[in-house]
S.K.: 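Mind having a look at this structure? Questions to follow.
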Amino acid sequence: MEKQSGTLILGGVTFELDDCEDTRLYIFESDEYENTLTISFDLRFKEAIFDGEKISPYLCMNQHETHKSEISEIVGDTYSVDSPEEADEREDTLYIYEHEPFEKYSLTILDISEEMMHISIEGTAITDGYSQPYETADFSGDFMLRYK
């Protein structure tokens, strides 16, 4: 079985993907659109120092409807969220100190092999939702993930 890999760069800090059982990419039949696929994932990262503290981020992207019936058809597709309200409604979160919605992001499917999917993501994450105004950091990631 091929190892999952990749990095998340958050506010200039690099976090390596943790290839553990909690890091998963899901592709399954849509509940809303018959004979189409939905994509989602949960990604865990190894510890690194961010803003003076040792943290292990966790990134959760919930179901994006592909409107495609075959997995090979989603290569090149981009899925995006354009506001914290939309991310909050979808329950897409980045856990640093606690779960926070994203300000915005776009996720692109770059390639698919027999058991792995190459994806990239970039956007702006809310890193501290309690400060006034809330604090953000730009992020990007490039990952090779096994899909189920």
S.K.: Taking C-beta and beyond as the side chain, do Leu94 and Phe102 meet within less than 4.5 Å on heavy atoms?
M.R.: yes
S.K.: Once you round to the nearest 0.5 Å, how far does OG of Ser5 lie from NE2 of His118?
M.R.: 8.0 Å
S.K.: Give the intermediate values and the outcome of side-chain hydrogen bond (donor to acceptor under 3.5 Å, both in side chains) for residues Thr7 and Thr14.
M.R.: CA-CA 6 Å; Thr7 57; Thr14 301; over 6 Å; no
S.K.: So Asp19 and Arg44, salt bridge (charged side-chain N to carboxylate O under 4.0 Å, His left out) or not? Walk me through it.
M.R.: CA-CA 8 Å; Asp19 185 20; Arg44 291 216 178 263; over 6 Å; no
S.K.: Looking at CG of Asp128 and CD of Glu98, how far apart are the two atoms once the value is rounded to the nearest 0.5 Å?
M.R.: 8.5 Å
S.K.: For the pair Ile119 and Leu107, evaluate side chain to side chain contact (heavy atoms under 4.5 Å, CB included) and give the outcome as yes or no after the intermediate values.
M.R.: CA-CA 7 Å; Ile119 66 171; Leu107 161 70; 3.8 Å; yes
S.K.: Identify the two heavy atoms, one from Ile71 and one from Ile112, that lie closest to each other, and give their separation to 0.1 Å.
M.R.: O-CD1, 3.2 Å
S.K.: When clusters are formed by joining ILVMFWY residues with side-chain heavy atoms under 4.5 Å apart, either directly or through shared neighbours, do Leu25 and Met116 land in the same one?
M.R.: no
S.K.: I want to check something: taking the side chain as every heavy atom from C-beta on, are Arg24 and Tyr26 in contact at a cut-off of under 4.5 Å?
M.R.: yes
S.K.: Verify, without hydrogens or angle tests, whether Tyr97 (side chain) and Thr127 (backbone) share a donor-acceptor contact under 3.5 angstrom.
M.R.: no
S.K.: Would you say that Leu10 contacts Ile96 through its side chain, given a criterion of any heavy-atom pair below 4.5 Å between the two side chains?
M.R.: yes
S.K.: How far apart are the closest heavy atoms of Pro57 and Leu8, and which atoms are they?
M.R.: CB-CD2, 4.5 Å
S.K.: To the nearest 0.5 Å, how far apart are CD in Glu47 and NZ in Lys54?
M.R.: 5.0 Å
S.K.: Under 4.5 Å between side-chain heavy atoms, counting indirect links through other Ile/Leu/Val/Met/Phe/Trp/Tyr residues: same cluster for Ile39 and Tyr58 or not?
M.R.: no
S.K.: Answer with yes or no whether the hydrophobic clustering places Ile126 together with Leu59; edges join I, L, V, M, F, W, Y residues whose side-chain heavy atoms lie under 4.5 Å apart.
M.R.: no
S.K.: List the steps and the verdict of side chain to side chain contact (heavy atoms under 4.5 Å, CB included) for Ile9 and Asp142.
M.R.: CA-CA 9 Å; Ile9 301 171; Asp142 189 82; over 6 Å; no
S.K.: Using a 3.5 Å distance criterion without hydrogens, assess whether the side chain of Glu89 forms a donor-acceptor pair with backbone atoms of Glu85.
M.R.: no
S.K.: CG of Asp82 to OG of Ser106: how many Å apart, nearest 0.5 Å?
M.R.: 9.0 Å
S.K.: Check whether any side-chain N or O of Glu135 sits under 3.5 Å from a backbone N or O of Ser131 as a donor-acceptor pair, and report yes or no.
M.R.: no
S.K.: I'd like to know if the side chain of Glu115 and the backbone of Glu2 have a donor-acceptor N/O pair within less than 3.5 Å.
M.R.: yes
S.K.: Can you confirm whether Ser72 sits close enough to Glu70 that some side-chain heavy atom of one is under 4.5 Å from a side-chain heavy atom of the other?
M.R.: yes
S.K.: Side-chain contact, heavy-atom cut-off 4.5 Å: Phe143 with Ser120?
M.R.: no
S.K.: What orientation do Tyr95 and His99 show, parallel under 30°, tilted 30 to 60°, or perpendicular over 60°?
M.R.: tilted
S.K.: Knowing that exactly one of Met61, Gln63, His64 qualifies, which makes a side chain to side chain contact (heavy atoms under 4.5 Å, CB included) with Tyr79?
M.R.: His64
S.K.: Search all heavy atoms of Lys104 against all heavy atoms of Phe139 and return the closest pair with its distance.
M.R.: O-CE2, 4.0 Å
S.K.: Looking at Thr23, is its backbone amide N or carbonyl O close enough to the side chain of Asp42 to form a donor-acceptor pair, meaning the two atoms are under 3.5 Å apart?
M.R.: no
S.K.: Working to the nearest 0.5 angstrom, can you tell me the gap between Cys60 SG and Leu43 CG?
M.R.: 9.0 Å
S.K.: Report whether Met144 and Ile109 are members of the same hydrophobic cluster (ILVMFWY, side-chain heavy atoms less than 4.5 Å apart, transitive linking).
M.R.: no
S.K.: Determine, stepwise, if the pair Asp92 / Tyr105 fulfils side-chain hydrogen bond (donor to acceptor under 3.5 Å, both in side chains).
M.R.: CA-CA 10 Å; Asp92 292 341; Tyr105 72 83; 2.5 Å; yes
S.K.: Would a 4.5 Å heavy-atom cut-off, applied to side chains only, mark Leu17 and Leu145 as touching?
M.R.: yes
S.K.: Are Asp18 and Phe45 close enough, and set up right, to give a side chain to side chain contact (heavy atoms under 4.5 Å, CB included), and what steps lead you there?
M.R.: CA-CA 5 Å; Asp18 189 351; Phe45 298 91; 5.7 Å; no
S.K.: Run the side chain to side chain contact (heavy atoms under 4.5 Å, CB included) test on Phe15 and Ile55 for me, step by step, so that the C-alpha distance in whole Å, both residues' side-chain angles and the decisive distance to 0.1 Å come before the verdict.
M.R.: CA-CA 9 Å; Phe15 295 91; Ile55 64 165; 3.8 Å; yes
S.K.: Can you tell me if Glu86 has over 12 outside heavy atoms packed within less than 6.0 Å of its CD?
M.R.: yes
S.K.: With a 3.5 Å distance limit and no angle check, can you tell me whether Glu73 reaches the backbone of Lys68 through a side-chain donor-acceptor pair?
M.R.: no
S.K.: With distance as the sole test, does Thr66 use its side chain to make a donor-acceptor pair with the main-chain N or O of Leu37 at under 3.5 Å?
M.R.: yes
S.K.: Tell me whether Val75 shares a hydrophobic cluster with Tyr147, the cluster being built from Ile, Leu, Val, Met, Phe, Trp, Tyr side chains joined at under 4.5 Å.
M.R.: yes
S.K.: State the OG1-CG distance between Thr93 and Asn62, to the nearest 0.5 angstrom.
M.R.: 7.5 Å
S.K.: Is it true that a side-chain atom of Glu16 and a backbone atom of Lys46 form a donor plus acceptor pair closer than 3.5 Å?
M.R.: no
